[in-house]
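Counting starts at 1 for both ligands and their atoms, following the listed order.
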Amino acid sequence: MTQQTPDHRTIRWGILGLGKIAHEFAHDLAIIPSAELIAVGSRSQERSQAFAQQYNVPNAHDSYASLAKDPNVDAIYIATPHASHCENTLLCLQHQKAVLCEKPFAMNLSEVEKMITASKENNTLLMEALWTRFLPNFQYVLDIVESEKYGKPLKLEADFGFAVPFDATSRLFNKSLGGGSLLDIGIYPAFLALSTLGYPDVIKASTEFGRTGVDERCDIEFDYDAGARATLKSTFRETTPTQAILHFEKAKVIMNTNFYQFSSVSIETATKTQIISFDKKGTGYYLEALHFNELLRSGHTESPLMSFDLSRKLMKLLDEIRGIIGLEY
Ligand SMILES: NC(=O)c1ccc[n+]([C@@H]2O[C@H](COP(=O)([O-])OP(=O)(O)OC[C@H]3O[C@@H](n4cnc5c(N)ncnc54)[C@H](OP(=O)(O)O)[C@@H]3O)[C@@H](O)[C@H]2O)c1
């Protein structure tokens, strides 16, 4: 990682791919005083202009290549479907634009390696936009694990599920865009297990494929030689509590409903139950952007919190699960 003197310059952002999450990110970016959304890029001039008008963005590009070449842009947030992440990231890095790329970072580990190599060759910042890593509830739980305040973690139960009506045209069900529950939402319970219990020694998984050949449900179990176990689930077929329960030797720590967002944390010990809430601004995407801005200003090309190694491990885990359930893209 290279380091330069920190400065306070405003980071000039661009957004590539103007779908659902691009809007959320644009809203949250407006919370940060030292960041400015100055350009957007879409495959369609019309969508680009409409988005630019909505958020008062001066430059509306009608192609991703044109956005990547914009000399005024410092950082690009990639908000396209998973299957395009690698190609879009390489394009931006070639033009020395710092890249914050949505999760999953790519479709497989080989693509992730290409992206990391491009970041190193171009000496340009790259980070996976796994926003949950930057939320205070997530950090709070990581601190509990690290401190061993309640002893060692023994068991994790985490789910992420919402009932989605089948729509073959939606990216969630479209195999060529990387559809399926595992890569879209199963990544959150998997990331939580990786962050709290580590890389598993044994992985078991089962699935139900839908009409388009993607996993509409995925049940996963991680076993650890040290004795811990994680039971994880993702599904498009039912709405589930979407909570995470981490059992320690001396307490149960519950990341409450929508654990991957700004949720509260409950701690149950033999004698009391405590609920910890966190101050919320926006949806929470601004926190990953704040971290990214600081990295960029201080000349870093990799995040210490969402490191290349962590992104590699996460993708390797998803690749292994896909291998077990027989999901090939
Ligand atoms: N962090 C989070 O909380 C979160 C939440 C939702 C999604 N995501 C991630 O963000 C990414 C985008 O999700 P989304 O829900 O925003 O998707 P979306 O609404 O379908 O938007 C994706 C955008 O990508 C562009 N695109 C490029 N190639 C495309 C293609 N072949 N088919 C369709 N669109 C294409 C389109 O923008 P243009 O037409 O303007 O080029 C489209 O509007 C996914 O990887 C997802 O995992 C993250």
Just need the protein heavy atom nearest to [atom], so name the residue and atom and give the distance.
atom	answer
atom 47 (O) of ligand 1	K103 O, 2.8 Å
atom 5 (C) of ligand 1	I21 CD1, 3.3 Å
atom 39 (O) of ligand 1	R47 NH2, 2.6 Å
atom 36 (C) of ligand 1	R43 NH2, 3.5 Å
atom 38 (P) of ligand 1	S42 OG, 3.4 Å
atom 37 (O) of ligand 1	L18 N, 3.1 Å

I'd like to know if the side chain of [X] pairs up with that of [Y] as donor and acceptor (distance under 3.5 Å, no hydrogens or angles considered).
X	Y	answer
T240	D159	yes
E157	H247	yes
S263	N256	no
T10	E36	no

| message | What I want to find out is whether E288 reaches R133 closely enough, with some N-O distance under 4.0 Å, to be called a salt bridge. | response | no

| message | Regarding atom 24 (O) of ligand 1: of the candidates A22, G19, P81, which has the closest heavy atom? | response |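 It is P81 whose heavy atom sits nearest to atom 24 (O) of ligand 1.
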
Structural part of [X] in contact with ligand 1, heavy atom criterion under 4.0 angstrom:
X	answer
L183	neither
Y188	side chain
L130	neither
K20	both
A83	neither
R171	side chain

| request: Fit a plane to each ring of F191 and F138, take the angle between them on a 0 to 90° scale, and name the class: parallel (under 30°), tilted (30 to 60°) or perpendicular (over 60°). | output: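 F191 vs F138 ring planes: parallel.
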
| message | I'd like to know whether ligand 1 has Y285 as a neighbour, heavy-atom separation below 4.0 Å. | response |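 It does, in that a heavy atom of Y285 comes within the 4.0 Å cut-off of ligand 1.
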
| So, for F166 and F173, is the gap between ring centers shorter than 6.0 Å? | yes

